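These notes concern the structure reproduced below.
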Number of protein chains: 2
Amino acid sequence: MHDLGLRDRKKRRTREAITEAAFALFQRSGFDSVAVADVAAAAEVSKPTLFAYFPTKEDLVLRRFLDDDPGPAHVVRGRPSGMSALRALRQDFLDRLAQRDPLTGLNDTPPATTFHSLLYSTPTLMTRLTSYLLERERDLAEALLTSGGVSDAFTARIVAAEVFGAQRILAEHNAQDIRAGHSADDTYPAAVTRTETAYDLLENGLDTRAAS
Amino acid sequence: MHDLGLRDRKKRRTREAITEAAFALFQRSGFDSVAVADVAAAAEVSKPTLFAYFPTKEDLVLRRFLDDDPGPAHVVRGRPSGMSALRALRQDFLDRLAQRDPLTGLNDTPPATTFHSLLYSTPTLMTRLTSYLLERERDLAEALLTSGGVSDAFTARIVAAEVFGAQRILAEHNAQDIRAGHSADDTYPAAVTRTETAYDLLENGLDTRAAS
DNA sequence: TAGTATGGTTAACCAGGTTAAGATTTTCCT
DNA sequence: AGGAAAATCTTAACCTGGTTAACCATACTA
């Protein structure tokens with residue numbers, strides 16, 4: 001009758017203990033200054049157990065926010081008929097801004113802020129995040145192709161790369177505003193404007209000027 | 001009178017010995033199966049010396065091809081007056097295709113082919129390459145801003161991200177064709193077409209279709 | 001030719017990550 | 001309820017990428 005057995009409940013608790021210990025330590029001393037052995041000790045777990053839950057040190061930080069993100073491929077596949085893929089992605093990003101999704105950068109509450117400050121101050125975290133995004137970019141390309149958003153595989157890959165490029169810059173810009181001290185509510189209008197600008201550029205063309 | 005002293009000549013020889021040893025070993029056994037200690041031994045150099053020349057194991061492979069690449073920022077700054085930044089970048093990529101620049105993926109001669117097969121079969125190499133590209137993307141954004149290609153910093157970052165996104169997909173596609181057994185000369189026309197397509201999408205807009 | 005900087009070597013170390021063996025605990029079946 | 005089977009955890013040792021310190025050798029410079 002129980003949804004989760006005792007075993008799975010324990011696993012969930014251990015996992016949470018590890019991420020909590022990790023975030024606490026990383027926030028205090030910085031990502032690089034904390035050894036995974038310290039995290040394991042703080043979570044009262046052995047080192048191999050920690051690595052059974054999280055494949056790398058970086059995942060201690062990233063998985064917490066990436067795990068429950070369905071990703072843009074899901075958005076494209078689930079878009080209402082009659083809507084273009086690019087429109088659906090734009091709308092999805094705007095929705096996530098409104099919801100203060102940490103992955104848009106526009107979130108000023110503690111777990112997300114430490115996430116971002118760790119992220120943008122630790123190259124290896126940025127790097128690992130980028131790997132994840134590249135995976136999802138491939139998923140998006142496939143979704144574009146199979147759900148009829150685009151004519152051929154090459155165009156699908158290009159479009160997917162452009163969308164991820166834009167979202168990356170948008171998120172970075174938002175997070176930067178938050179880290180500069182602005183509240184999420186105050187930045188929201190500007191964030192929306194930037195999103196519209198970015199997607200307008202994608203839809204209508206970049207149009208750079210001539211040299212002086 | 002001598003351009004390089006004996007000391008510098010020795011340094012150049014040591015550096016070359018290291019990269020050559022690295023490429024030979026990596027090509028035979030794969031990047032991950034070879035320890036840097038093996039490379040050092042094969043190059044008849046100690047491990048700390050190796051790391052004095054190359055900051056990481058990945059750089060043993062990447063620096064060889066990245067070192068002499070001026071990067072897109074240079075292209076934008078040096079473009080003829082009257083030409084848009086995007087046009088200059090498109091033309092530069094086409095020029096590099098014609099020259100069979102390994103960084104375009106369109107090169108089927110031994111040092112470049114092993115470079116690509118290592119790259120696309122070794123996630124950590126891809127990852128490190130991406131870090132390099134992100135640096136240059138920032139440079140490009142700055143060049144776009146200061147050389148008047150674009151109106152504001154935000155747009156500059158977006159455009160830079162889009163350009164790098166496109167070039168990454170183009171290079172990957174070309175390298176894939178080469179690895180599939182096609183010669184560079186045979187693939188060249190298709191590579192040109194893809195380049196034009198990609199830059200047309202950037203200039204004129206992506207225009208994805210509605211859902212079915 | 002003497003002194004100094006530079007680049008090299010050895011040896012030891014650190015941190016991330018893995019592996020094998022054995023102990024412990026939940027589950028599940030009868 | 002009892003006990004075999006399966007899953008999880010621990011310990012201890014190991015591997016590899018990368019760094020540090022102390023010391024040696026060689027090229028440059030006065």
Side-chain angles (χ1 to χ4, degrees), chain A residues 1-19 21-23 25-26 28-63 118 122-129 131, chain B residues 1-19 21-23 25-26 28-63 118 122-129 131:
Chain A
M1 277 310 131
H2 38 37
D3 293 354
L4 277 81
L6 171 56
R7 202 165 244 167
D8 293 293
R9 240 178 306 143
K10 272 194 175 178
K11 274 174 77 173
R12 233 172 47 86
R13 257 189 294 145
T14 318
R15 193 188 179 80
E16 274 165 21
I18 294 173
T19 46
F23 265 72
L25 291 179
F26 290 156
R28 233 187 352 110
S29 320
F31 185 78
D32 294 317
S33 309
V34 177
V36 301
D38 300 342
V39 177
E44 292 182 316
V45 165
S46 75
K47 204 169 49 147
T49 297
L50 187 153
F51 280 111
Y53 281 90
F54 299 92
T56 72
K57 187 186 183 185
E58 287 76 30
D59 287 81
L60 290 172
V61 174
L62 296 177
R63 294 279 300 263
L118 282 174
T122 315
T124 118
L125 278 175
M126 248 344 243
T127 286
R128 178 81 168 137
L129 174 60
S131 304
Chain B
M1 277 306 135
H2 36 41
D3 292 353
L4 277 83
L6 171 56
R7 203 166 244 166
D8 293 294
R9 242 178 305 144
K10 273 194 174 178
K11 274 174 77 173
R12 232 172 46 86
R13 258 190 294 146
T14 323
R15 192 188 181 80
E16 274 165 22
I18 295 173
T19 46
F23 266 73
L25 291 179
F26 291 156
R28 239 193 341 115
S29 320
F31 185 78
D32 294 318
S33 308
V34 177
V36 301
D38 300 340
V39 176
E44 292 181 316
V45 163
S46 73
K47 202 169 53 147
T49 296
L50 187 152
F51 280 111
Y53 281 89
F54 299 92
T56 71
K57 186 186 185 186
E58 287 76 30
D59 286 81
L60 290 172
V61 175
L62 297 178
R63 293 277 302 262
L118 282 174
T122 316
T124 119
L125 279 176
M126 248 343 244
T127 285
R128 177 83 167 137
L129 173 60
S131 302

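These numbers were taken from a predicted model, which means no experiment stands behind them. For the numbers below, each heavy atom of this structure counts, side chains included, while hydrogens, waters and symmetry mates do not. Lettering of chains follows the sequences in order, A, B, ..., and the numbering in each one begins at 1.
Two residues, Pro48(A) and Ala35(A), neighbour DNA chain C, and the one matched to the more 5' nucleotide by heavy-atom proximity is Ala35(A). Ranked by how close their nearest DNA chain D nucleotide is to the 5' end, Lys10(B) and Ala37(B) are led by Ala37(B).
Summarising the geometry, the separation between CG on Asp32(B) and P on dG17(C) is reported as 14 Å, rounded to the nearest angstrom. Tyr53(B) has its OH atom 20 Å from the P atom of dG17(D), to the nearest Å. If you take NZ of Lys11(A) and C1' of dT26(C), they are 12 Å apart, rounded to a whole angstrom. Nucleotide dG16(C) holds its C1' atom 13 Å from the CG atom of Asp59(A), rounded to whole Å. The distance from atom CD of Glu58(A) to atom C1' of dG17(C) is 11 Å, rounded to the nearest whole Å. When rounded to the nearest whole Å, the span between CG of Leu60(B) and P of dG18(D) equals 9 Å. Rounded to a whole Å, the CZ atom of Phe51(B) is 12 Å from the P atom of dT16(D). One can place NZ of Lys57(A) at 14 Å from C1' of dG18(D), the figure rounded to the nearest angstrom.
Under 3.5 Å, the side chain of Lys47(B) and the base of dG18(D) form at least one donor-acceptor pair of N or O atoms.
In terms of phosphate contacts, Thr56(B) brings no side-chain nitrogen or oxygen within less than 4.0 Å of OP1 or OP2 of dG17(D). The shortest distance between the side-chain N/O atoms of Thr49(B) and the OP1/OP2 oxygens of dG7(C) is not below 4.0 Å.
If you check every strand for non-hydrogen atoms under 4.0 Å, Val34(B) touches sugar and phosphate atoms only. Phe54(A) comes within 4.0 angstrom of nothing in the nucleic acid, heavy atoms only.
Taking all atoms of both residues into account, the shortest heavy-atom contact from Ala17(B) to Ala43(B) is O-CB, 3.9 Å. Contact detail for Phe51(B) and Lys57(B): the closest heavy-atom pair is CE2-N, 4.3 Å.
Thr127(A) and Thr127(B) share no donor-acceptor pair across their side chains, judged by distance under 3.5 Å alone.
In the displayed structure, Glu44(A) atom CD is contacted under 6.0 Å by at most 12 heavy atoms of other residues, nucleotides or ligands.
When distances run from any side-chain atom of Val36(B) to the nucleotides dG17(D), dG7(C), dT11(D), the shortest one goes to dG17(D).
Under the side-chain contact (heavy atoms from CB on, under 4.5 Å) test applied with Leu60(A), the options Val34(A), Thr19(A), Leu50(A), Leu25(A) reduce to a single match, Leu50(A).
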